[in-house]
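First comes the structure, then the notes that go with it.
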Amino acid sequence: MKLVLDSLFRLCGFVAAALMVGIVVLISAQIVGRLFGILIPSADEIAGLTLAALAFIALAPVFRAGGHVRVTIFFERVSPNARRILHILCLLIALAVAVFITASLIELTWNSWRYRTAIIGLLQIPVWPYQAAMTFGACCFSIALLEETFHVVKRGESILPKADTPSGH
């Protein structure tokens, strides 16, 4: 199972990187195009929608790499048993929020597809593919949180890299 999840989160990282490159290429083409009087229709809208998808798809691999901000100053001041309980509590709250966001995005994506919701600009861009990417990213993040919660509850330790702290802990 670990191999499957590692592959899934690695895929999310590659997709997020590809989307970032796509945004850079699109915006660069728009800038160069303006110099020659060429307009790329709805480039701003496409870049914005892609950025939203990118942000959600990157959540799980960044979490797994220990890249999310973690405030550990309070955790360092409590006993190991209290630290474990607080860690589990924080993970459960984060998981509940992530699952709620995922469920909300599923409904939003379904309704956007069903009602053919589109961004109205020079081009009518359907929003459901971008929302589906956001939903996929939120679902992967929920899975990463569930995996971490399982490890902390079952094994008593995190699978995430240790946070760098100024005190060297």
Side-chain angles (χ1 to χ4, degrees), residues 1-25 46-115 117 126-169:
M1 183 57 123
K2 182 175 177 357
L3 181 63
V4 171
L5 292 178
D6 288 345
S7 298
L8 174 65
F9 301 141
R10 194 173 308 111
L11 173 67
C12 288
F14 287 133
V15 169
L19 291 174
M20 181 62 76
V21 169
I23 291 170
V24 169
V25 168
I46 294 169
L49 291 168
T50 304
L51 183 61
L54 157 69
F56 276 84
I57 291 173
L59 283 172
V62 171
F63 176 73
R64 268 308 247 358
H68 288 246
V69 174
R70 292 183 276 175
V71 181
T72 58
I73 193 163
F74 181 71
F75 283 85
E76 294 171 355
R77 300 194 185 326
V78 297
S79 70
N81 193 34
R83 184 178 310 131
R84 182 171 180 266
I85 291 168
L86 286 172
H87 191 185
I88 291 168
L89 182 62
C90 289
L91 285 169
L92 289 173
I93 292 169
L95 180 59
V97 170
V99 168
F100 175 76
I101 289 170
T102 302
S104 297
L105 283 169
I106 289 169
E107 182 180 4
L108 179 68
T109 304
W110 170 252
N111 285 331
S112 292
W113 178 79
R114 192 168 82 184
Y115 297 118
T117 306
V127 295
W128 73 264
Y130 299 94
Q131 291 170 342
M134 292 168 60
T135 303
F136 174 73
C139 184
C140 290
F141 184 51
S142 297
I143 292 168
L145 284 165
L146 182 62
E147 178 193 31
E148 173 68 1
T149 304
F150 173 78
H151 279 277
V152 173
V153 168
K154 183 95 171 163
R155 298 192 175 107
E157 61 184 37
S158 174
I159 58 172
L160 301 179
K162 298 290 184 214
D164 293 330
T165 58
S167 60
H169 295 288

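All figures in this text were calculated on a predicted structure; none of them were measured in a lab.
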Listing request: all side chain to side chain donor-acceptor pair (under 3.5 Å) pairs with a residue in residues 14-24, at least two apart in sequence or in separate chains.
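Every candidate side chain to side chain donor-acceptor pair (under 3.5 Å) pair involving residues 14-24 fails, so no pair, neighbours aside, qualifies.
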Hey, does Phe9 have a side-chain heavy atom less than 4.5 Å from the side chain of Ile143?
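The answer is yes, as the side chains (C-beta and beyond) meet within the 4.5 Å cut-off.
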Can you find a heavy atom in the side chain of Phe63 that is under 4.5 Å from one in the side chain of Leu160?
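A side-chain contact exists here, since the closest heavy-atom pair is under 4.5 Å.
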If you compare all heavy atoms of Gly66 against all heavy atoms of Pro161, which two are closest, and at what distance to 0.1 Å?
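That closest heavy-atom pairing would be N-CD, 3.8 Å.
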So which atom in Leu105 and which in Ala138 form the shortest heavy-atom distance, rounded to 0.1 Å?
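Nearest pair, atom of Leu105 first, then Ala138: CD1-CB, 3.8 Å.
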Please identify each residue that fulfils side chain to side chain contact (heavy atoms under 4.5 Å, CB included) with [X], with sequence neighbours left out.
X      : answer
Ser104 : Phe100
Arg77  : Ile73
Ala94  : Leu145
Ala82  : Val78, Ser79

Roughly how far apart are [X] [atom1] and [Y] [atom2], rounded to 0.5 Å?
X      : Y      : atom1 : atom2 : value
Asn81  : Leu86  : CG    : CG    : 10.0 Å
Leu3   : Arg10  : CG    : CZ    : 7.5 Å
Thr117 : Asn111 : OG1   : CG    : 7.5 Å
Ile106 : Cys139 : CD1   : SG    : 6.5 Å
Met1   : Phe150 : CE    : CZ    : 10.0 Å
Ile101 : Leu108 : CD1   : CG    : 12.5 Å

Quick one: which residue pairs count as a ring pair (Phe, Tyr, Trp, His ring centres under 6.0 Å) with a foot in residues 71-96, not counting sequence neighbours?
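Those involving residues 71-96 do not exist here.
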Going by salt bridge (Lys or Arg N to Asp or Glu O under 4.0 Å), name the pairs with one or both residues in [range], residues two or more places apart or in two chains.
range            : answer
residues 133-149 : Arg64-Glu147
residues 79-108  : none
residues 149-161 : none

With sequence neighbours left out, what residues match Thr149 under side chain to side chain donor-acceptor pair (under 3.5 Å)?
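Checked Thr149 against side chain to side chain donor-acceptor pair (under 3.5 Å); zero matches.
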What residues, two or more places apart in sequence or in another chain, satisfy side chain to side chain donor-acceptor pair (under 3.5 Å) together with Thr50?
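Scan of Thr50 (side chain to side chain donor-acceptor pair (under 3.5 Å), adjacent residues dropped) gives none.
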N/O donor-acceptor pairs under 3.5 Å from side chains in residues 54-62, not counting sequence neighbours:
none

Please assess Leu91 against Leu95 for the test side-chain contact (heavy atoms from CB on, under 4.5 Å), listing each intermediate value before the final yes or no.
CA-CA 6 Å; Leu91 285 169; Leu95 180 59; over 6 Å; no
